[in-house]
Amino acid sequence: MVDLSLTMGKVIKIANPLGVFARDTASSVLNLFPSVKSYFADTRFKPMPRYVKGVLADPSTKASGTANGKLTNKLIPFTTANTNISPVGVQFIQPKVRTDELGTVLLDEAVGKWWTLLVCGNDPVDALPAETLAKLKDLGARLVAVVPETQYEWAKRDMHEETLVLADTAGRLKKWFDDRPTPMLLIRPDRFVAGACLNQDGPETIDAVLAAMNFQSSARSEQDPAPALAN
């Protein structure tokens, strides 16, 4: 962003008459093509920021603390996906969703400002074991299910009471998930995707993200009833 700002400053401050003429002519031409103009005005040519290290888990290898920019898993859902660009390490989209209580709002307004476990088409409570759900509860993560508008009423009726059900009003979320082999996402409070996986890989992926942040959960299995000792 600093390099971009300096470059724009140089363009604005051109003193050479020929340079000024070329700049102004280019601006006039861009006004004739609004879509092209917005591409430059909104700096859509700038690559989206991506984290490759930190509180992340690689969607292909489940490695903790790092994430490759490409999906390399050889399972069929990955090899047949519309994109091999990893969703981990980049900010999630901000579509409009609907609930009976809030009406139609932006996704962030519906899920809040903390961790979010977002699952497409399924109830997170059904998709994850009790031990993993307990860890998410310790984390304070919101459990969210996204469904098409036409499925909202029955999903809200039948899914777990702790699951926030969101109607995908414009289909943007459906399109996003249709293009990627990762129906389960763990989204950080800064709205960057920390983990993305198939539902069956949820426990391993969530554990990898928690390990990357040295998270100490009080959750324990029934086979290990002894309380955990804090460091």
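When reading the values below, keep in mind they use all heavy atoms of this one structure, side chains included, and skip hydrogens, waters and symmetry mates.
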Kindly indicate whether the side chain of [X], heavy atoms from C-beta on, has any atom under 4.5 Å from the side chain of [Y].
X	Y	answer
Gln94	Asp108	yes
Lys74	Phe78	no
Trp115	Arg142	no
Leu186	Leu136	yes
Ile206	Leu210	yes
Val90	Pro49	no
Arg98	Asp100	yes
Val146	Val97	no

Nearest 0.5 Å, please: how far is [atom2] in [Y] from [atom1] in [X]?
X	Y	atom1	atom2	answer
Glu109	Thr104	CD	OG1	10.5 Å
Lys53	Thr66	NZ	OG1	6.5 Å
Met159	Asp126	CE	CG	7.5 Å
Asn16	Leu18	CG	CG	5.0 Å
Arg191	Gln91	CZ	CD	9.5 Å
Met213	Leu139	CE	CG	5.5 Å

Minimum heavy-atom distance between [X] and [Y], given as atom pair plus value:
X	Y	answer
Val88	Ala57	CG1-O, 3.6 Å
Gly121	Val147	CA-CG1, 4.4 Å
Arg50	Ser86	NH2-O, 2.9 Å
Met184	Ala127	CE-CB, 4.0 Å
Ile85	Thr83	N-OG1, 3.0 Å
Ala208	Ser64	O-OG, 2.6 Å

Listed pairs under 3.5 Å, donor-acceptor, residues 163-178 side chains, sequence neighbours left out:
{"from": "Thr163", "atom 1": "OG1", "to": "Asp123", "atom 2": "OD1", "distance (Å)": "2.6"}
{"from": "Asp168", "atom 1": "OD1", "to": "Gly171", "atom 2": "N", "distance (Å)": "3.3"}
{"from": "Asp168", "atom 1": "OD1", "to": "Arg172", "atom 2": "N", "distance (Å)": "3.4"}
{"from": "Asp168", "atom 1": "OD1", "to": "Leu173", "atom 2": "N", "distance (Å)": "3.4"}
{"from": "Asp168", "atom 1": "OD2", "to": "Leu173", "atom 2": "N", "distance (Å)": "3.4"}
{"from": "Asp168", "atom 1": "OD2", "to": "Lys174", "atom 2": "N", "distance (Å)": "2.8"}
{"from": "Thr169", "atom 1": "OG1", "to": "Lys96", "atom 2": "O", "distance (Å)": "3.1"}
{"from": "Lys174", "atom 1": "NZ", "to": "Asp178", "atom 2": "OD2", "distance (Å)": "2.6"}
{"from": "Lys175", "atom 1": "NZ", "to": "Asp179", "atom 2": "OD2", "distance (Å)": "2.5"}

Thr25 (side chain) donor-acceptor with Phe21 (main chain) under 3.5 angstrom =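 Looks like yes, one N/O pair under 3.5 Å.
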
Check the pair Phe92, Leu107 against side chain to side chain contact (heavy atoms under 4.5 Å, CB included), reporting the backbone distance first and the verdict last.
-> CA-CA 10 Å; Phe92 194 55; Leu107 178 63; 3.7 Å; yes

Among Leu117, Leu118, Ile187, find the residue that satisfies the side chain to side chain contact (heavy atoms under 4.5 Å, CB included) test when tested with Val144.
->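 So, applying the side chain to side chain contact (heavy atoms under 4.5 Å, CB included) to Val144 and each of Leu117, Leu118, Ile187, only Leu118 qualifies.
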
Is there a path of hydrophobic side-chain contacts, each under 4.5 Å between heavy atoms of I, L, V, M, F, W or Y residues, that connects [X] with [Y]?
X	Y	value
Leu106	Tyr152	no
Leu133	Phe215	yes
Val119	Trp154	no

CD1 of Ile76: more than 12 outside heavy atoms within 6.0 angstrom?
->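 Check fails, neighbour count at 12 or below.
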
Indicate yes or no: does Glu101 engage Lys156 in a salt bridge with an N to O separation below 4.0 Å.
->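 Looking at Lys156 together with Glu101, the answer is yes, because their closest N to O distance falls below 4.0 Å.
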
Does Tyr51 have Arg188 sitting over its ring (NZ/CZ under 6.0 Å from centre, angle to axis within 45°)?
->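 Satisfied, under 6.0 Å and within 45°.
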
From CA spacing to verdict: side chain to side chain contact (heavy atoms under 4.5 Å, CB included), Lys135, Asp138 = CA-CA 5 Å; Lys135 293 175 183 178; Asp138 274 0; 5.6 Å; no

Under 3.5 Å, which donor-acceptor pairs do the side chains of residues 192-203 form with other protein atoms, sequence neighbours left out?
none

